[in-house]
Amino acid sequence: MYDVIVVGLGPAGATAAYELARKGFRVIAIDRKRFPRYKPCGGGVTAKVEKVIGSDFKEVVERDIYKIGFTFRGEDSIIIESNHPVAYLVMRDKFDHYLMQKAKEAGVKIIEGKKVTGVGEEEGGVKVVARDGVYYSQFAVGSDGANSIVASSTGLKLRRRVAVLLDGELIVEKALLSEYNGHLHFDFGSVPCGYGWIFPKKDVLSVGIGSLRGKTKKLRKYYDYFLEEQEIAGRVVSEKRYGSLLPVFDGVSKLSTNRILLTGDAASLADPFTGEGIYYAVKSARIGGEVLERVMDGDMELREYDVRVAKEICSELEYARRLSMIFHFSPRKAYSFLKENQELMDAVLKLAREENSYSVLWKLIRKKAGFKLDAAWKISELYSFFVG
Ligand SMILES: Cc1cc2nc3c(=O)[nH]c(=O)nc-3n(C[C@H](O)[C@H](O)[C@H](O)COP(=O)(O)OP(=O)(O)OC[C@H]3O[C@@H](n4cnc5c(N)ncnc54)[C@H](O)[C@@H]3O)c2cc1C
C-alpha cells in the first residue's frame, strides 16, 4: 500500500509527486503516456513559476521573454517591456519530462503508458484501477488534466468553462523567427471571446488561437485569417496543427473528498483571461502536497486544501474571470481603454512576476473607470449567462 497515488504526470502531477516524495512519503505516479510525450501548449511559463518549482527548470527553457506585444486585429500596437524576464518559453515534451525525472529522482515510483480507468474510495484507503492492474493507497491526487477520470470518479461537480484552442507548431523562415526573439505577441479581436498568440521557440513558432465561446465552430478559419493578418502565412515551411480543450476557472468549486484531491486542469484552475494553466497547476499541486503532509501526520483534514486553494488561487482567478467577461463583452472598447492607460499595461506585466495581483489590477482599473467597471461586469455577466 502506497501513501499517495498521483494520477497524471503533467506539471501538476509531477510537482505533487515530487513534493510528497521529498517529504518521505511512498508515492506512485501513473500516466497513460510514455515520456517524453507531446502536449499541445504555447509553453509560456510566467516568471512567477520559479517561486513554486525553483529555477532549475531553466535548463529546458528555449527562450527568455522580456517583451510582450499586443494588437487588435493586427493594428493599434501596444508594447510593454521589462528589465527582467517576465516569462520563459518551453517545449512541453522537454519541460514535463524534466519535472517527471525530478519526481523520479526524489523517489516516486513512475508507471508510464498505463491509463487509469477508475478511482474509488474504500474503507481506509483509495483504489485506483489502471490498465495494468489495481493499486491501493491512503490518498490519491487527480492531476489527469482536462478530461480527468479522477474528477468524474469522485462525483465532484466542478464549475468550469471550456475554451477551444487551435495550436500550430510552425517551421518558418529563419528571419521571421528572429523577428520575434525574446518577444511574445497577443492579438485580440482575431477570434470572438479569445485571442491569438505567437510564441517563438528555439526552432519553431508556436502560433494559436483560443476562444472561451466553446461553440466556436469556425476556429480553423479564424486561425488561417490570423496567420494572414500577422503576415506569417506566406513564410511557413511546414506546419502541424492540434485542436484541444482547456477547462478554465469559472468560480470556486469543492476540489477534495475525504481521500482524493484534484489539481491543475483536473480542478479547472486555468486563468479564464489568459488561459495560463502551468503556474496554477504547479501551485495547486504544491498546496496539495503541503496539506497531504499535515493530513498524514494527523493534524489536518483534507478539506483544508479547498480552503487554501480558494484563498491562494481562486480569490485571484475570480478577478481574472471578471476582467475576462468585461473584456470579451466589448473587446474593442476595452482594448482602447488599456492602450490609453499605459500604467495599466505595466501593472499587467507585473502579474507575470507576481509583483502585482489581479485584485490590485481590478482596483487600479476601477479607479480609472469609476463605477462603470462594476456596471460593465454585471452587464457582461448577464450577457455571458444568456449567450455563453
Ligand atoms: C493549445 C494550448 C495552449 C496552452 N498554452 C499555455 C501556455 O502558453 N502557458 C500556460 O501556462 N498554459 C497554457 N495552456 C494550459 C496548460 O497546458 C495546462 O493548464 C497545463 O498543462 C495543466 O497541467 P496539468 O498537469 O494539470 O495537466 P496536463 O498537462 O494536461 O497533464 C495531464 C497528464 O495526465 C495524463 N492523463 C490523462 N488522463 C489520464 C488517465 N486516465 N490515466 C493516466 N494518465 C492520464 C496525461 O497523459 C497528461 O500527461 C495551454 C493549453 C492549451 C490546450
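In listed order, ligands and their atoms are each counted from 1.
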List the closest protein heavy-atom neighbour of [atom]: residue, atom name, distance to the nearest 0.1 Å.
| atom | answer |
| --- | --- |
| atom 1 (C) of ligand 1 | D167 CB, 3.6 Å |
| atom 4 (C) of ligand 1 | G42 N, 3.4 Å |
| atom 12 (N) of ligand 1 | G277 N, 3.0 Å |
| atom 19 (O) of ligand 1 | D265 OD1, 2.7 Å |
| atom 43 (C) of ligand 1 | R32 N, 3.2 Å |
| atom 31 (O) of ligand 1 | G10 CA, 3.5 Å |
| atom 42 (N) of ligand 1 | V116 N, 2.9 Å |
| atom 13 (C) of ligand 1 | C41 SG, 3.5 Å |

Can you tell whether the side chains of [X] and [Y] come within less than 4.0 Å, N to carboxylate O?
| X | Y | value |
| --- | --- | --- |
| R26 | D3 | yes |
| D306 | K311 | no |
| E318 | R321 | yes |
| R294 | D299 | yes |
| D250 | R160 | no |
| E169 | R241 | no |

Atoms of ligand 1, numbered as shown, that sit under 4.0 Å from any heavy atom of [X]:
| X | value |
| --- | --- |
| G145 | 27 (O), 30 (O), 32 (C) |
| K115 | 41 (N), 42 (N) |
| K39 | 17 (O), 21 (O), 29 (O), 30 (O) |
| G43 | 7 (C), 8 (O) |
| K33 | 47 (O) |
| L246 | 15 (C), 19 (O) |
| G264 | 26 (O) |
| S244 | 1 (C), 53 (C) |

Subject >> Intermediate values then yes/no, ring pair (Phe, Tyr, Trp, His ring centres under 6.0 Å), F70 and Y335 >> reply: CA-CA 9 Å; F70 301 89; Y335 187 84; 7.3 Å; no

At a non-hydrogen distance cut-off of under 4.0 Å, which region of [X] contacts ligand 1 (side chain, backbone, both, or neither)?
| X | value |
| --- | --- |
| I149 | side chain |
| I278 | both |
| P11 | both |
| L165 | side chain |

For [X] and ligand 1, does the shortest N/O to N/O distance drop below 3.5 Å?
| X | answer |
| --- | --- |
| G44 | yes |
| A270 | no |
| E276 | no |

Original post:
So do D96 and P11 actually touch side chain to side chain, heavy atoms under 4.5 Å?
Top reply: yes

Ring center gap for [X] and [Y] short of 6.0 angstrom:
| X | Y | result |
| --- | --- | --- |
| F327 | F273 | yes |
| F199 | F186 | yes |
| Y38 | Y242 | yes |

Subject >> Aromatic plane relationship, Y135 with Y2 - under 30° parallel, 30 to 60° tilted, over 60° perpendicular >> reply: tilted

Original post:
Under 30°, 30 to 60°, or over 60°: which ring-plane class applies to Y180 and H183, parallel, tilted or perpendicular?
Top reply: tilted

Subject >> K51 atom NZ: more than 12 heavy-atom contacts under 6.0 Å >> reply: yes

From the options [options], select the one whose nearest heavy atom is closest to [atom].
| atom | options | value |
| --- | --- | --- |
| atom 32 (C) of ligand 1 | G168, S143, G8, A12 | S143 |
| atom 16 (C) of ligand 1 | R34, R92, M100 | R92 |
| atom 35 (C) of ligand 1 | D31, I111, V6 | D31 |

**OP:** Indicate whether the side chain of T46 and that of E276 have a donor and an acceptor atom separated by less than 3.5 Å.
**Re:** yes

Subject >> Stepwise side-chain hydrogen bond (donor to acceptor under 3.5 Å, both in side chains) check, E316 with S359 >> reply: CA-CA 6 Å; E316 269 298 284; S359 43; 3.1 Å; yes

**OP:** May I ask whether P40 places a heavy atom under 4.0 Å from ligand 1?
**Re:** yes

Original post:
Within less than 4.0 angstrom of ligand 1, does F199 place any heavy atom?
Top reply: yes

